[in-house]
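In what follows, a structure is listed as structure tokens, so that the remarks can point back to it.
Within every chain, numbering begins at 1; the chains are lettered A, B, ... in the order of the sequence lines, protein sequences first and strands thereafter. Here the structure is a predicted model, which is why all the values come from computation and not from measurement.
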There are 2 protein chains.
Amino acid sequence: MMIVHEVSELTGVSIRALHIYDRMGLLPASQKTESGYRLYDDAALERLQQVLLFRELDFPLKDIRKIIDSPVFDRNKALEQQIELLKMKKEHIENLIDLARGIQLRGVKHMNFDAFDTKKLDEYARQAKESWGSTPEWKEYEQKSAGRTVEDNRNLADRMMAIFTEMGQIRDQDPAGEKAQQLVKKLQDFITENMYTCSDQILSGLGKAYAGGGSMNENIDKAGGEGTGEFAHRAIEAYVQGRK
Amino acid sequence: MMIVHEVSELTGVSIRALHIYDRMGLLPASQKTESGYRLYDDAALERLQQVLLFRELDFPLKDIRKIIDSPVFDRNKALEQQIELLKMKKEHIENLIDLARGIQLRGVKHMNFDAFDTKKLDEYARQAKESWGSTPEWKEYEQKSAGRTVEDNRNLADRMMAIFTEMGQIRDQDPAGEKAQQLVKKLQDFITENMYTCSDQILSGLGKAYAGGGSMNENIDKAGGEGTGEFAHRAIEAYVQGRK
DNA sequence: AGTTGACTCTGACCTTGCGTCATAGTTTAC
DNA sequence: GTAAACTATGACGCAAGGTCAGAGTCAACT
């Protein structure tokens, strides 16, 4: 756990910015001390890295939040898009360098403003945003979460984690067993009720993230003990297979 | 002469932005019609190109104005600095691409925020700004021009152009002749009085710009007729040589 | 000449992503 | 136990425009 100063030092993000990211839900502090000090764990740092990549690309913070919190967010797809955008930005800068060199050599006479043109880049960025921000799942989530406070959200997260705690308690048993399957159904219902319609397919996708070694996996293991994410993944697979 | 719409189309700068650049003196319209429509000539477009290069580098507009209006502004030095900064920016983006690729391959585990660090770039930009904004000539100019309105500035420009109009009328005579030399002295005094102490050396530097084919040269030829800039250059050289 | 539609102007207010206090509570270190 | 160095919240400021309203202008067609 790190405090604001340390996070700021490590990442170069100002404390003020961290406050703002916290309040707007873009990067909520993982915890707060009794006296209200913000504490950040590794999962938060991972998230911050994602945020900074999008920020480099001049995405509005609100959109970054939308994207990262999107129920269908896929880190790999995001990275691909980011790399593509970064390449375009690099090309843009190369064009500007050429322009400047041209002026140095041949003077300013034959003017050309093409190098300042960012239409392609903007268009691609718009598409990238849309690909995250306009899925039906997201729209549903947006509706259901409209009017929720930060408190509410933390509450929901807690209730979801409670399910994983239950799973953790039986993680030495059969993932296809009755208890585990009940918990998977409970999870699916919870998501459908509070976030977005969680089809078997989406559930399966979530399962992969639970065991994928990312921040979700960590959080789940923290709630249920080492290996809970992996167990959840297997339980979900069994559940989905059993319903086909 | 182009109107705002055309300039906006050509350069990708919004009309609103052009309004702002005009009002703040960053890019004053070359002329206005009786009804107040802004008109831009080629010199304005050249200036806009400079502005956009600095803007790409995230210089504050106020600073851009300062730099470009600096009495010791040197386009070539500016271009060199701009190219250097663009290269650094390009490197920065390359680092980000590497970071993103690294996450793709090896996951997010070993975090590294170095790629987001912009200290070197910021530092260089600061130095570049300082190299323009803190010459004694500029400070003097700043003092003398404090409190001047846009009107005042246009007025000064007109009075200066009037001197070139006079020069234009004798541009078929000897640049080292008495009349021409009187006009050069008048010019030097005018600059010293209204802008900054114009030493013979600085005057000589200005002379080169008058004949250099840039926007100054154009403006002068417009005021005094084709070849006036060249004539002014020669007259100034004779004047400076004669005083050594 | 009149009208219409596309422009233009100015001015006022809104927005984003912070920086900068001010004020007040907290932790740490001696 | 007190000083120094943090932290939190809140209010305000700022840059660089976007957006909208109200009013004037220009070009073209009828």
Under the criterion side chain to side chain contact (heavy atoms under 4.5 Å, CB included), which of A:Gln31, A:Lys32, A:Met1 is the partner of A:Arg38?
-> A:Lys32

Residue whose closest nucleotide on DNA chain C lies nearer the 5' end, A:Tyr37 versus A:Ala17 | A:Ala17

To the nearest angstrom, how far is B:Leu39 atom CG from D:dC26 atom C1'?
-> 13 Å

Under 4.0 Å between a side-chain N/O of A:Tyr21 and OP1 or OP2 of C:dG17, yes or no?
-> no

Using only side-chain N and O atoms of B:Arg38, determine if any of them is under 4.0 Å from OP1 or OP2 of C:dT8.
-> no

Does some side-chain heavy atom of A:Phe54 sit less than 4.5 Å from a side-chain heavy atom of A:Gln81?
-> no

Do the side chains of B:Thr11 and B:Leu48 get nearer than 4.5 Å, heavy atoms only?
-> yes

Those residues of residues 55-67 of chain A lying under 4.0 Å from DNA chain C by at least one heavy atom = A:Arg55, A:Pro60, A:Leu61, A:Lys62

Choosing from C:dC13, D:dT7, D:dC12, which nucleotide comes nearest the side chain of B:Arg16?
-> C:dC13

Do other residues, nucleotides or ligands put more than 12 heavy atoms under 6.0 Å from the NZ atom of A:Lys62?
-> no

To the nearest Å, give me how far apart CD (A:Glu6) and C1' (D:dC6) are.
-> 11 Å

Is B:Lys32 near enough to C:dT10 that one of its side-chain N or O atoms lies under 4.0 angstrom from OP1 or OP2?
-> yes

Answer yes or no: does a side-chain N or O of B:Ser35 lie under 4.0 Å from OP1 or OP2 of D:dC26?
-> yes

Under 4.0 Å: is that the gap between some side-chain N or O of B:Ser14 and OP1 or OP2 of D:dG17?
-> no

Greater than 12 external heavy atoms within 6.0 Å of A:Glu6's CD = yes

Look at the side-chain N and O atoms of A:His19 and state whether any lies under 4.0 Å from the OP1 or OP2 oxygen of D:dT9.
-> no

Could you state the CZ-P distance from B:Phe54 to D:dA15, rounded to the nearest angstrom?
-> 19 Å

note: A:Leu27, atom CG; C:dC18, atom P; distance rounded to Å ~ 12 Å

Figure out the CG/P separation between B:Leu18 and D:dG17, and round it to whole Å.
-> 10 Å

Distance, rounded to the nearest Å, where A:Asp22 contributes CG and D:dG10 contributes P = 12 Å

Kindly say whether B:Tyr37 contributes a backbone atom to a donor-acceptor pair with the side chain of B:Thr33 at under 3.5 angstrom?
-> yes

Rounded off to whole Å, could you give me the CD1-to-C1' distance for the A:Ile15 and C:dT20 pair?
-> 13 Å

Whole-Å gap separating C1' (D:dG17) and CD1 (B:Ile20) = 5 Å

Do B:Asp41 and B:Arg47 meet the salt-bridge criterion of a basic N to acidic O distance under 4.0 Å?
-> no

Looking at D:dC6, C:dT10, C:dT8, which one has an atom nearest to any side-chain atom of A:His5?
-> D:dC6

